[in-house]
Amino acid sequence: MKRVVFNQKGGVGKTSITCNLAAISAAQGYRTLVIDLDVQGNTTHYLVGEIDAEAFPAEAQGVAGLFKQTVGSRRMSKNPDAFVWETPWENLFLLPSSPVLTHLEKELESRYKIYKLRDALEKLDAEYDRVYIDTPPNFNFFSKSALIAADTVLIPFDCDSFARQSLYALMDNIAELQEDHNPGLEVEGIVINQFNSQARLPGELVAELEEEGYPVCRTYLNTSVKMKESHREHRPLIDMAPSHKLTLQFLDLYAELEAGRD
Ligand SMILES: Nc1ncnc2c1ncn2[C@@H]1O[C@H](COP(=O)(O)OP(=O)(O)OP(=O)(O)O)[C@@H](O)[C@H]1O
Ligand SMILES: [Mg+2]
């Protein structure tokens, strides 16, 4: 089961949602792989902290290393698992991002490597029960590769008034990608994040989305300082604050998504 978390709008909660759902999946005993396709590397930083650049040369590691070997004569020689890192949590694994992804992108694009992530993940099908993919806030080579490789897409929505406008463009992009590359890709749900039930606007925005027929997930995620603390401590919520309200909402969201697969 491969899920990509995507919204081309920045700061909507892609990284927070990817890492926290993946950490819950791992805590429930599923071998879970997180893939960080964003050059900002926020997921990588969240899960493993600062990386020793000397010990792990940027070009050879994680996503960059995986894609690099698809270029030129060094064909997919290593198993994709060779680029996967362990994390401090049992069952939770990471294919980290790297700063070299920006210049690698042009090369990969010009050589039509858009299906390589899908091919690599097919080779890992037997290794991992769940794959969660974090994407950059752009509809670029990496996010397209993820949408092609995934079974479903989750769309975080941060309840501000620009979020609604960008959703139309986003849905158009997804529809085009489904048609051209991945007809099986399912829009699993829009995840309402940073919801504030005290304010009027978020409730109105969500009601409008539902009226327009968007598949909005029933579980909403509230705003909480715990999220920032969790990033700062490099500990997903399920580990840092297992009974906090936001963690319970993530558990509900996880259960809602899993139930939808039955
Ligand atoms: N439910 C929440 N409550 C409080 N803060 C949150 C919540 N969700 C996300 N944040 C904060 O909002 C910021 C953006 O979140 P995050 O990095 O997950 O978004 P993103 O979509 O991955 O951003 P980018 O587009 O830059 O990759 C972070 O500082 C994060 O801690
Ligand atoms: Mg992010």
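Counting starts at 1 for both ligands and their atoms, following the listed order.
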Heavy atom of the protein closest to atom 19 (O) of ligand 1 (residue, atom name, distance): Gly13 N, 3.0 Å
Could you list which atoms of ligand 1 come closer than 4.0 Å to a heavy atom of Val12? 19 (O), 20 (P), 21 (O)
Heavy atoms only, cut-off 4.0 Å: how does Asp134 contact ligand 1, side chain, backbone, both, or neither? neither
I want to know if ligand 1 touches Gly11 in the polar sense, i.e. an N/O pair below 3.5 angstrom. yes
In ligand 1, the atoms that come under 4.0 Å of a heavy atom of His231 are 31 (O)
Determine, considering heavy atoms only, which of Thr15, Val39, Asn20 sits nearest to atom 22 (O) of ligand 1. Thr15
Would you say the side-chain atoms of Gln194 pair up with the backbone N or O of Cys159, donor to acceptor, closer than 3.5 Å? no
Give the residue and atom name of whichever protein heavy atom lies nearest to atom 12 (O) of ligand 1, and the separation in Å to one decimal. Gln194 NE2, 3.6 Å
Report the C-alpha separation of Glu107 and His103 in whole Å, then their side-chain angles, then the decisive distance to 0.1 Å, and conclude whether the side chain to side chain contact (heavy atoms under 4.5 Å, CB included) test is met. CA-CA 7 Å; Glu107 187 176 10; His103 47 258; over 6 Å; no
Looking only at atom types and distance, does a side-chain atom of Asn140 sit under 3.5 Å from a main-chain N or O of Ser143, one as donor and one as acceptor? yes
Below 4.0 angstrom from a heavy atom of Ser224, which ligand 1 atoms are there? Numbered from 1 as shown, please. 3 (N), 4 (C), 5 (N)
Backbone N or O of Ser243 within a donor-acceptor pair of the Thr247 side chain at under 3.5 Å? no
Could you go step by step and tell me if Phe67 and Phe142 meet the ring-ring contact (aromatic ring centres under 6.0 Å, His included) rule? CA-CA 10 Å; Phe67 274 112; Phe142 295 110; 5.7 Å; yes
Proximal ligand 1 atoms for Asp38, defined as those under 4.0 Å from one of its heavy atoms: 27 (O)
Does the distance from a Lys or Arg side-chain N to an Asp or Glu carboxylate O, for Asp151 and Arg3, drop under 4.0 Å? no
Can you tell me how the ring of Phe139 sits relative to the ring of Phe6, calling it parallel under 30°, perpendicular over 60° and tilted otherwise? tilted
Check: Ser25 side chain, Thr32 main-chain N or O, donor-acceptor pair, under 3.5 Å: no
My question is simple, although I want it checked carefully: is atom 9 (C) of ligand 1 less than 4.0 angstrom from any protein heavy atom? yes
Geometric class of the His234/His45 ring pair [parallel <30°, tilted 30-60°, perpendicular >60°]: perpendicular
Relative to atom 1 (N) of ligand 1, which among Leu221, Asn222, Leu246 owns the nearest non-hydrogen atom? Asn222
By number and element, which atoms of ligand 1 are closer than 4.0 Å to a non-hydrogen atom of Asn193? 1 (N), 2 (C), 7 (C), 8 (N), 9 (C)
At what distance is the nearest protein heavy atom to atom 20 (P) of ligand 1, and which residue and atom is it? Lys14 N, 3.4 Å
closest protein heavy atom to atom 18 (O) of ligand 1 is Ser16 OG, 2.6 Å
For residues Asp36 and Val63, report the shortest heavy-atom separation together with the two atoms involved. O-CG2, 3.4 Å
Looking at atom 29 (O) of ligand 1, what's its closest protein heavy atom, distance included? Lys228 NZ, 3.5 Å
Which atoms of ligand 1 sit under 4.0 Å from any heavy atom of Thr223? 3 (N), 4 (C)
Single-linkage hydrophobic cluster, 4.5 Å side-chain cutoff, Phe162 and Phe157 together: no
Contacting atoms of ligand 1, where contact means under 4.0 angstrom from a heavy atom of Pro137: 25 (O)
Thr15 near the Mg ion (ligand 2) via N/O/S, less than 2.8 Å: yes
Pull out every atom of ligand 1 sitting under 4.0 Å from any heavy atom of Gln40, numbered as shown with elements. 24 (P), 26 (O), 27 (O)
With a 3.5 Å distance limit and no angle check, can you tell me whether Thr18 reaches the backbone of Tyr132 through a side-chain donor-acceptor pair? no
